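This report concerns only the one structure given below.
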Amino acid sequence: MSKILIGRYVAGDSIIYRMDPRGKLLATIIFILFVFLANNPVSYLIVTIFSIAAVAATKLKPKVFWDGVKPLIWLILFTSFLQLFFSVGGTVYWQWTIFALSSYGITNAIYIFIRFTVIILISTVMTVTTKPLEIADAIEWLLKPLKIVHVPVDKIALIMSIALRFVPTLFDETLKIMNAQRSRGADFNNGGLVTRAKAITPLLVPLFINSLETAIDLSTAMESRGYRGDQGRTKFRILKWSNVDLINLIYFILLLGLLLIFRTH
């Protein structure tokens, strides 16, 4: 769990680090939407190449991203497995009751695997190259039009930023509690699924108490500093668009153009 990159910022210096967080957030959302435009081998190859290019542009070691994808690889494989044996179409190679292995199922399983993997990679690029507070500012900017209908955008952005920030902290606390209980003889690795689930149950109470104490301390600290939402607040971090962000625009215009050209109708 300590290697999960959700909410973790990894210090670095590359062109992606210098991009405006609003542009990176929009780029991530648009890319995820573009992934669903792919529907043939060529279009999925284009999406994969653009994902690898984004990862390479961070100048971080590939192992960083592999460590981020690895905890979710079983979920990706399980979803692909369902598509493999429950999607029927084309040439059927094997069938038994409700299970079947067909050319359509194989193709669909590969597409699902690629789709999940590139979405996780691009989301990881966003989180590791952007500080949590910058992501909160970008979310608040993106949701700003909703203020017209009296949506509390500042509170939503604050909630999301705190949640994103404390995901790694929650994982670290879980590991500390597990290590403490291992030192007292607890075993989390042996036994069947039910046995291991029962072994993890005692973690929930101390983890819940620690999370509650952290939330109370955080709220007290915010109140002592006079936090009152967006009432009369100014921005310490001023977000500015730069020429570097034009790369984002060119990147996605090129990606959209290639997908529309090679996409099968």
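Residue numbers count from 1 along this sequence. In this text, all values refer to a predicted model and were calculated from it rather than measured experimentally.
- Heavy-atom contacts from other residues, nucleotides or ligands closer than 6.0 Å to CZ of F116 number 12 or fewer.
- Side-chain atoms of K24 come within 3.5 Å of backbone atoms of T129 as a donor-acceptor pair (strictly under, hydrogens ignored).
- A heavy-atom distance below 4.5 Å is found between the side chains of L26 and W141.
- Inter-residue side-chain proximity for E173 and L207 is flagged as met; some heavy-atom pair is nearer than 4.5 Å.
- With hydrophobic clusters built from ILVMFWY side chains whose heavy atoms lie under 4.5 angstrom apart, L25 shares a cluster with L146.
- Hydrophobic clustering (side-chain heavy atoms under 4.5 Å, transitive across Ile, Leu, Val, Met, Phe, Trp, Tyr) groups L143 together with I29.
- Put simply, the side chain of L77 does not reach to within 4.5 Å of the side chain of F81, judged on heavy atoms.
- With rounding to the nearest 0.5 angstrom, the CG atom of D217 is 9.5 Å from the CG atom of L212.
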Evaluation steps, side chain to side chain contact (heavy atoms under 4.5 Å, CB included), between W74 and T79
CA-CA 9 Å; W74 291 111; T79 307; over 6 Å; no
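- A distance of 5.0 Å separates CG in L218 from CD1 in I162, rounded to the nearest 0.5 Å.
- Between the side chains of S43 and N40, at least one donor-acceptor pair of N or O atoms lies under 3.5 Å.
- Between S80 and A109, the closest heavy-atom pair is O-CB, 3.4 Å.
- Checked for salt-bridge contact, R22 and D137 miss the test: no charged N lies under 4.0 Å from a carboxylate O.
- Nearest approach of F113 to T117, heavy atoms of both residues: O-OG1, 2.7 Å.
- Taking hydrophobic clusters as Ile, Leu, Val, Met, Phe, Trp and Tyr residues chained together by side-chain heavy-atom distances below 4.5 Å, L45 does not share a cluster with I110.
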Kindly determine whether I135 and M126 satisfy side chain to side chain contact (heavy atoms under 4.5 Å, CB included), including the steps that lead there.
CA-CA 9 Å; I135 295 177; M126 168 69 185; 3.8 Å; yes
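- Between D13 and K59, the shortest heavy-atom contact is O-CD, 3.9 Å.
- Between I16 and T130 there is no side-chain heavy-atom pair separated by less than 4.5 Å.
- When every heavy atom of E134 is checked against every heavy atom of P21, the shortest pair comes out as O-CB, 3.7 Å.
- Results of the side chain to side chain contact (heavy atoms under 4.5 Å, CB included) test with S51 over V55, T48, I49, V47 single out V47 as the only residue that passes.
- Residues N210 and I177 form a side-chain contact, since some pair of their non-hydrogen atoms from C-beta on lies under 4.5 Å apart.
- Under the 4.5 Å side-chain heavy-atom criterion for Ile, Leu, Val, Met, Phe, Trp and Tyr, I15 and L121 are members of the same hydrophobic cluster.
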Walk me through whether T214 and L170 qualify under side chain to side chain contact (heavy atoms under 4.5 Å, CB included).
CA-CA 10 Å; T214 301; L170 191 62; over 6 Å; no
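- In the hydrophobic clustering of ILVMFWY residues, with side-chain heavy atoms under 4.5 Å counting as a link, M178 and F208 come out apart.
- Interatomic distance, L82 CG to N108 CG, rounded to the nearest 0.5 Å: 11.5 Å.
- T28 places no side-chain N or O within donor-acceptor distance of the main-chain N or O of S123, the cut-off being under 3.5 Å.
- T58 contributes atom OG1, which lies 6.5 Å from atom OH of Y17 (distance to the nearest 0.5 angstrom).
- The shortest side-chain heavy-atom distance between V35 and I114 does not fall under the 4.5 Å cut-off.
- No donor-acceptor pair closer than 3.5 Å links the side chain of R115 to the backbone N or O of Y111.
- With values rounded to the nearest 0.5 angstrom, I209 atom CD1 is found 11.0 Å from L204 atom CG.
- Between I122 and F50, every side-chain heavy-atom pair lies at or beyond the 4.5 Å cut-off.
- For the atom pair T107 OG1 and L84 CG, the distance stands at 10.0 Å (nearest 0.5 Å).
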